Number of protein chains: 2
Amino acid sequence: MTQPTRTAPVVRQAVVLSPMQVPKASDVLASELRERILRGEFPEGSALPPERELVTQTAMSRTTVREALRILEVQGLVRIKTGRAGGAFVTRPGQESVASSVNLLIRGGHLRMSALLETREGIEPVCARLAAVHRDDEDLERLEQANDAISVDTGSLADFLQANVDWHIAVAVASHNELLTGFMLALSRAIYAATDNQRFIDADVRRTAVKAHKTITQAIRDRDPEAAVRRMNRHVHGYAEAVKAVEDRVEIEVPDSPPAPRQARRRAPARSTAARTTRGSGGA
Amino acid sequence: MTQPTRTAPVVRQAVVLSPMQVPKASDVLASELRERILRGEFPEGSALPPERELVTQTAMSRTTVREALRILEVQGLVRIKTGRAGGAFVTRPGQESVASSVNLLIRGGHLRMSALLETREGIEPVCARLAAVHRDDEDLERLEQANDAISVDTGSLADFLQANVDWHIAVAVASHNELLTGFMLALSRAIYAATDNQRFIDADVRRTAVKAHKTITQAIRDRDPEAAVRRMNRHVHGYAEAVKAVEDRVEIEVPDSPPAPRQARRRAPARSTAARTTRGSGGA
DNA sequence: GGTGGCCATTCGGTCTGACCTTTGGTAACT
DNA sequence: AGTTACCAAAGGTCAGACCGAATGGCCACC
């Protein structure tokens, strides 16, 4: 029995309530639209109702509606065009959106270079295997074209690295697996960005890379998955080892400079991968 | 010489200008803030200036500022809290953001189940290898706990699948590689969601899975990468084969229905993974 | 001496209504 | 027939107001 005293200590029934969250209006609308889009209710390329129309339909303010559309845009579900006949056009989220989020994870997480390389060592052989299985003639052409570009001895370091990335991405594309492609896209770019100032890329390294690429391409052409895996494994592993060796040396040379200049240099090559993150059309 | 006729045809100097894009104000601000955050200018957990302050600093309208903050929120770079001491707090984009974008790619891209399985077949062995190398005692405990949960014969199908996913995710976590973990997170959930109504999961299948998990866990415990890879490979491959066999049968049973119901099946289980995509806290 | 109630303050969230810019179409003009 | 000018539709931006939620301080009441 509870104590029969006056002002009995209130026996609080432990009403277990989880924190509870009140979703924002724009989130609600965004979720609703997202579900409908994913459900295929709007065919790809079709336009959502104009903002002002959504306002009347949803009884929300234009601010809210716009915010919702903005969310969907960032998630890569719609592309917004201005002008007459503009509006929010449904679009399939592609590799780019995966790539950009992986990119954020890499850059924001302060991931060690070794983690990147380790991941690539794991994934790229898989890409090579699938490429050997699924490749078509177009893929082959891309591979050869990229490797031709690498072979040019006269190119600058940036050119070499770019062509190198292109080849690796071509392998991923040849796998005909969008998930892996998106992943490799971000990974390659990140490794590229982190490597561009390493001096260890000399003519010798280039030749080795070109040769490795050739044999891997050949395996892919021959539809020989096992060979592709094996060779890619060796190639990527060798690269990782080389980088690791240099990293150790560099770690000692460069004390610790303030972060700012490191960033400034990074956007040098061509398109800054970061600014274009929410917009469409990347580079593959 | 140009023709000296009256009303001489104006020789338009071909001023070659590339298309040029006018970025939106909010995008500019978002990019600026994003770069600063990624550069580590704001330590994690610290708060950005309040909206109204940003308004005065940037000479933009509050609408614009809010849109920019919203973009960063969707990208997982800040978390916005309401109330007095509220504001935009810097946060590291984690696996969740990768998982959610992969999730969108999967659901929006109408990926075939086979592509998912193929990807998993490729990646999960890699996770197993890394797990065998990097695991710590905590990881082991998670693995065993998850597999214990699976072993309970009395559990419902949903329970089994959930515990199954938990185990697989535990392997990814044990790899101590955030990239792979995020990737597998999305992948596992997607496969889970696509599998939940398959009838081929009987007691026999369960026992097989539990046994496989046990041997793999053992390899990880023993820090034996090769064994881990081999066993995981077999396990995942077997699973894929089983699913494929069932899929083929199902494919025949269900003639070819319009895309809508096929999607509807996918969202059956419990929490709709999509609605929670922008908010925090998933399920791992 | 806490406990609870009650502001005031400082945030983000939403709404309103206006105006600007871009873009496509179309009619007038040469 | 080709240009040009203009209009309409749609997104982009802005200013200002008000609402609601969290916090911190203060004070009365057990």
Side-chain angles (χ1 to χ4, degrees), chain A residues 5-10 12 17 19-31 33 46-74 77-91 278-280, chain B residues 5-12 17 19-31 33 45-74 77-91 278-280:
Chain A
T5 42
R6 253 170 329 156
T7 76
V10 182
R12 300 194 189 263
L17 283 179
M20 255 196 295
Q21 39 182 330
V22 186
K24 284 180 275 191
S26 45
D27 277 334
V28 173
L29 177 53
S31 297
L33 290 174
S46 69
L48 266 50
E51 293 179 359
R52 290 167 170 94
E53 166 98 19
L54 283 176
V55 168
T56 69
Q57 285 188 17
T58 63
M60 289 166 167
S61 76
R62 192 155 161 234
T63 318
T64 307
V65 169
R66 296 195 88 252
E67 235 171 80
L69 291 177
R70 204 44 182 256
I71 291 173
L72 297 183
E73 193 191 20
V74 174
L77 286 166
V78 301
R79 235 191 74 231
I80 295 179
K81 286 200 300 195
T82 66
R84 192 173 174 160
F89 294 83
V90 175
T91 164
T278 57
R279 296 296 201 157
Chain B
T5 42
R6 255 171 325 159
T7 75
V10 183
V11 182
R12 299 194 189 261
L17 284 178
M20 253 196 297
Q21 40 181 332
V22 186
K24 283 180 277 190
S26 45
D27 277 333
V28 173
L29 178 52
S31 298
L33 290 175
S46 70
L48 266 51
E51 293 180 359
R52 289 167 172 94
E53 165 101 16
L54 284 177
V55 168
T56 68
Q57 287 188 17
T58 63
M60 289 166 168
S61 77
R62 195 157 158 231
T63 317
T64 307
V65 170
R66 296 196 87 251
E67 235 171 80
L69 291 177
R70 206 43 183 260
I71 291 173
L72 298 183
E73 192 191 20
V74 174
L77 287 165
V78 301
R79 233 190 76 229
I80 295 180
K81 285 201 299 192
T82 65
R84 184 168 177 164
F89 292 84
V90 175
T91 163
T278 57
R279 295 298 199 156

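In what follows, every chain begins at residue 1, and chains take the letters A, B, ... in the order their sequences are listed. What you are looking at is a predicted structure, and each value in this text was computed from that prediction instead of being measured.
- Rounded to whole angstrom, the span from the CD1 atom of A:Ile71 across to the C1' atom of C:dG13 amounts to 13 Å.
- Taking atom NZ on A:Lys24 and atom C1' on D:dA21, their separation rounds to 13 Å, with Å as the unit.
- Summarising the geometry, the separation between CD on B:Glu53 and P on C:dG12 is reported as 10 Å, rounded to the nearest angstrom.
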Dot-bracket assigned to DNA chain D with the 3.5 Å Watson-Crick/G-U criterion, [ ] for crossing and | for other-strand pairs, is ||||||||||||||||||||||||||||||
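- For the side-chain hydrogen bond (donor to acceptor under 3.5 Å, both in side chains) test, residues two or more places apart in sequence or in another chain that qualify with A:Thr64 are A:Ser61.
- Here the closest heavy-atom approach between residue B:Leu72 and residue B:Ala30 is recorded as CD2-O, 3.7 Å.
- For A:Thr58, the side-chain contact (heavy atoms from CB on, under 4.5 Å) partners two or more places apart in sequence, or in a different chain, are A:Leu29, A:Met60, A:Val65.
- Closest approach of B:Ala88 to B:Leu69, counting heavy atoms only: CB-CD2, 4.1 Å.
- Note on A:Arg70 versus A:Glu67: no salt bridge recorded, every NZ/NE/NH1/NH2 to OD/OE distance being 4.0 Å or above.
- Remark: P of D:dA15 and CZ of B:Arg66 are 16 Å apart, rounded to the nearest angstrom.
- Between B:Leu72 atom CG and C:dG12 atom C1' there is a gap of 15 Å when expressed in whole angstrom units.
- For the residue pair B:Phe89 and B:Gly45, the shortest heavy atom distance occurs at CD2-O, 3.3 Å.
- Rounded to an integer number of Å, the gap from CD of B:Glu67 to P of C:dC15 is 15 Å.
- The two residues B:Ser26 and B:Ala68 come nearest to each other via the heavy atoms O-CB, 3.5 Å.
- Remark: B:Ser46 pairs with B:Phe42, B:Pro43, B:Val90 by the side-chain contact (heavy atoms from CB on, under 4.5 Å) rule, at least two apart or across chains.
- Sorted by first then second residue, the salt bridge (charged side-chain N to carboxylate O under 4.0 Å, His left out) pairs that include residues 50-60 of chain B, not counting sequence neighbours, are B:Glu51-B:Arg62, B:Glu51-B:Arg66.
- In this structure, CZ of A:Arg62 is placed 11 Å from C1' of C:dA18, rounded to the nearest angstrom.
- Side chain B:Arg70 to base C:dG13: no donor-acceptor pair is found below 3.5 Å.
- Distances shown here put every side-chain N or O of B:Ser26 at or beyond 4.0 Å from the OP1 or OP2 atom of D:dG12.
- Out of C:dC15, C:dT14, D:dT13, the shortest distance to the side chain of A:Met60 is found at C:dC15.
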Might you list the N or O atoms of the protein lying below 3.5 Å from N or O atoms in nucleotides 7-10 of chain D, with each pair's distance?
none

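- When heavy atoms are screened at a 4.0 angstrom cut-off, B:Thr63 is found touching base atoms of the nucleic acid.
- Distance B:Phe89 CZ to C:dC11 P: 10 Å, rounded to the nearest Å.
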